[in-house]
Every structure is written in structure tokens, then in C-alpha cells.
**Student:** 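Here you go, one structure.
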Amino acid sequence: MIEPKPVATRQIHLPLRPVWCCRLCARPWPCADARRDLTVSFRHQRVALMLYLATQFVDAISDLHVYDAALGPPPDVRAIFERIMCWMPPRDSRQLSSRPGDT
């Protein structure tokens with residue numbers, strides 16, 4: 001009799017707060033694996049992904065402002081914004097051209 005293969009448990013690359021690095025690979029979050037996972041998870045929900053990332057951005061700014069205050073200068077808000085918000089893949093042009101009324 002053939003035994004089923006065990007289902008691999010996939011670990012999710014989540015942020016480690018308050019330092020905002022990946023819990024698994026220790027790279028700045030969202031790491032490449034987190035970005036891939038988020039792109040797949042939210043593949044048909046771009047606005048939901050943007051809202052999720054915006055929430056993460058606000059939390060990161062809050063955490064890093066307090067955490068970094070003890071270590072030195074305040075965090076670079078622009079760099080954190082670009083890291084968390086500006087990596088999203090562009091909207092698929094095929095989706096744009098398939099709207100009703102588009103020619």
C-alpha cells in the first residue's frame with residue numbers, strides 16, 4: 001500500500017517586532033520570500049494588499065521610532081516607506097484592458 005507523503009508545513013516570513021526584520025531569515029521585512037508570499041496571497045486583492053502594507057508601515061514607524069530612540073537618531077521614514085510600500089508588482093495590464101466598456 002502506498003503511504004501518503006506528509007504535507008510540508010510552510011513557514012511564513014513575518015516581521016519580528018519592534019525591529020522589523022524577518023523572523024525566519026533576519027532580513028529587513030518584507031524580505032523577498034515575504035513579498036512573494038504576499039503577492040500570491042493577495043493576487044486578486046491589490047487594494048487589500050495595499051491596506052495591509054499601509055497598516056504594517058504605520059506599525060513599523062511607531063515601533064521603530066520608540067526602539068530607535070534609545071539607540072540614536074530617529075528612523076528614516078522614507079526608507080521604511082519604500083521598503084514596505086513600494087515593492088508591489090505593477091498592476092497587470094491585461095486586467096485593465098478587460099474592463100467592461102474598454103476597447
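Numbers for residues simply follow the sequence, beginning at 1. Because the structure is a prediction, the values reported are computed rather than measured.
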**Student:** Rounded to the nearest 0.5 Å, what's the gap from CG on Leu14 to SG on Cys21? Could you check?
**Tutor:**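 Answer rounded to 0.5 Å: 11.5 Å.
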
**Student:** Applying a strict under-4.5 Å side-chain criterion to I, L, V, M, F, W and Y, I'd like to know whether Leu24 and Val19 cluster together.
**Tutor:**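 In one cluster: no.
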
**Student:** When clusters are formed by joining ILVMFWY residues with side-chain heavy atoms under 4.5 Å apart, either directly or through shared neighbours, do Ile12 and Tyr52 land in the same one?
**Tutor:**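 Result: no, two separate clusters.
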
**Student:** Kindly give the heavy-atom pair with the smallest separation between Met50 and Met88, and that separation in Å.
**Tutor:**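 Scanning both residues completely, I find the closest heavy atoms to be CG-CE, 3.3 Å.
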
**Student:** Rounded to the nearest 0.5 Å, how far apart are CD of Glu82 and CG of Asp76?
**Tutor:**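 Those atoms lie 8.0 Å apart.
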
**Student:** Mind listing the side-chain donor-acceptor pairs of residues 53-61 below 3.5 Å, one per line with the distance, residues two or more places apart or on another chain?
**Tutor:**
unit_1, atom_1, unit_2, atom_2, d
Thr55, OG1, Leu51, O, 3.0

**Student:** If I take atom CG from residue Leu16 and atom SG from residue Cys22, how far apart are they, to the nearest 0.5 angstrom?
**Tutor:**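 Interatomic distance, Leu16 CG to Cys22 SG, rounded to 0.5 Å: 9.0 Å.
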
**Student:** Can you check whether Cys25 reaches His13 side chain to side chain, under 4.5 Å on heavy atoms?
**Tutor:**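 The answer is yes; the side chains approach within 4.5 Å.
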
**Student:** Could you work out, with side chain to side chain contact (heavy atoms under 4.5 Å, CB included) as the rule, every residue matching Thr39, not counting sequence neighbours?
**Tutor:**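 Listed in chain order: Trp87, Pro89.
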
**Student:** Less than 4.5 Å apart, any side-chain heavy atom of Ile80 and any of Ile84?
**Tutor:**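 In contact.
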
**Student:** Considering only residues two or more places apart or on different chains, which pairs with a residue in residues 16-27 satisfy side-chain hydrogen bond (donor to acceptor under 3.5 Å, both in side chains)?
**Tutor:**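 Pairs touching residues 16-27 that pass the test: Arg17-Asp63, Trp20-Asp63.
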
